[in-house]
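All remarks here apply to the structure that follows.
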Amino acid sequence: MSFRARLTLVAAAAVALAIVVASFVVYFVVRGQLLRSVDDALRTRQVEILNEPREGLFLAPGPDFGVQGYVQLLTPSRCIARGGEPCLIPVTEGARGVAQGQKREYFSEVSVSHTPLRVLTFPYVSGTAVQVARPLTEVDRSLSRIRWYLILIAAGGIAVAA
């Protein structure tokens with residue numbers, strides 16, 4: 001192989017690598033931004049919950065997760081959902097730890113009935129915690145579109161570099 005061909009191959013590989021790395025960085029930065037907007041909405045709901053009477057806690061929409069999200073109340077030994085319905089968000093040891101005052105609030109991601117959710121678990125009144133969840137379907141849809149755009153851009157950039 002001639003020096004010119006090797007130089008061209010190395011340059012094309014370097015451009016391809018740069019495009020792939022940039023695509024990964026863009027994807028994860030955008031994912032972080034989208035999750036941050038969901039987290040901000042969950043924090044807003046947290047403030048609303050902390051400022052409303054305990055009886056009003058279960059006025060949020062039911063299992064469709066709605067705009068305000070799904071809310072459930074935890075004690076160290078049980079979970080209470082709206083209207084006596086079963087709790088939909090899986091209760092983990094970490095969530096029970098928040099109810100017991102042994103752990104701080106935290107975000108997590110779970111899937112319930114094939115719906116991906118972002119969950120904020122935070123302490124409520126003594127010996128209880130609240131889990132509030134919002135669906136990630138819009139985030140996943142946006143990331144899917146972005147992923148395809150990045151793949152097409154990367155493929156085009158690699159083809160041009162080659």
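As the structure is a prediction and not an experimental result, all values here were calculated from the model. For reference, positions follow the sequence shown, starting with 1. What you see below is based on every heavy atom in this structure, not just the backbone, and it leaves out hydrogens, waters and symmetry mates.
- Linking Ile, Leu, Val, Met, Phe, Trp and Tyr whenever their side-chain heavy atoms come within less than 4.5 Å leaves V25 and I153 in two separate clusters.
- The number of heavy-atom neighbours closer than 6.0 Å to CZ of F107, taken from other residues, nucleotides and ligands shown, is above 12.
- In this structure, R118 and V139 have side chains that are not in contact, with every pair of non-hydrogen atoms separated by 4.5 Å or more.
- Remark: L9 CG to R4 CZ distance equals 14.0 Å, nearest 0.5 Å.
- Under the 3.5 Å distance criterion, the side-chain polar atoms of S144 are left unmatched by any main-chain donor or acceptor of D140.
- Rounding to the nearest 0.5 Å places NZ of K103 at 6.5 Å from OG1 of T92.
- The hydrophobic clustering, which links ILVMFWY residues whose side-chain heavy atoms are closer than 4.5 Å, places L35 and V26 together.
- Across all their heavy atoms, A154 and S23 have their closest contact at CB-OG, 4.2 Å.
- Note: the hydrophobic cluster containing V98 does not contain V119 (ILVMFWY, side chain heavy atoms under 4.5 Å, direct or indirect links).
- Shortest non-hydrogen contact noted between Q72 and C87 is OE1-CB, 3.2 Å.
- When side chains are defined from C-beta on, D39 does not count as touching L120, because their heavy atoms never get closer than 4.5 Å.
- Heavy-atom minimum distance, L50 versus P123: CD2-O, 4.2 Å.
- One hydrophobic cluster holds both V125 and V130 under the rule that ILVMFWY side chains link at heavy-atom gaps under 4.5 Å.
- We find that E105 and R43 are joined by a salt bridge, their nearest charged nitrogen and carboxylate oxygen being less than 4.0 Å apart.
- Other residues, nucleotides and ligands place more than 12 heavy atoms under 6.0 Å from the CZ atom of R6.
- Contact of the L74 side chain with the R96 side chain is not registered, since no non-hydrogen atoms from C-beta on lie closer than 4.5 Å.
- Shortest non-hydrogen contact noted between Y70 and A81 is OH-CB, 3.4 Å.
- Closest of all the heavy-atom pairs between V110 and P90 is CG2-CD, 4.2 Å.
- With rounding to the nearest 0.5 Å, the separation of CG in L136 from CG in L143 is 9.5 Å.
- The number of heavy-atom neighbours closer than 6.0 Å to CZ of R78, taken from other residues, nucleotides and ligands shown, is 12 or below.
- What you find for P135 and T115 is that their closest heavy atoms are CB-CG2, 4.1 Å.
- In this structure, CD on Q100 lies 9.0 Å from OG1 on T75, to the nearest 0.5 angstrom.
- Note that OG1 of T121 and CD1 of I89 are 7.0 Å apart. Values are rounded to the nearest 0.5 Å.
- The number of heavy-atom neighbours closer than 6.0 Å to OH of Y149, taken from other residues, nucleotides and ligands shown, is 12 or below.
- For the atom pair CD1 of I146 and CG of L34, the computed distance is 6.0 Å after rounding to the nearest 0.5 Å.
- By the 4.5 Å heavy-atom criterion applied to side chains, V38 and E138 are not counted as neighbours.
- Note on V112: it does not cluster hydrophobically with V91, by side-chain heavy-atom contacts below 4.5 Å among ILVMFWY residues.
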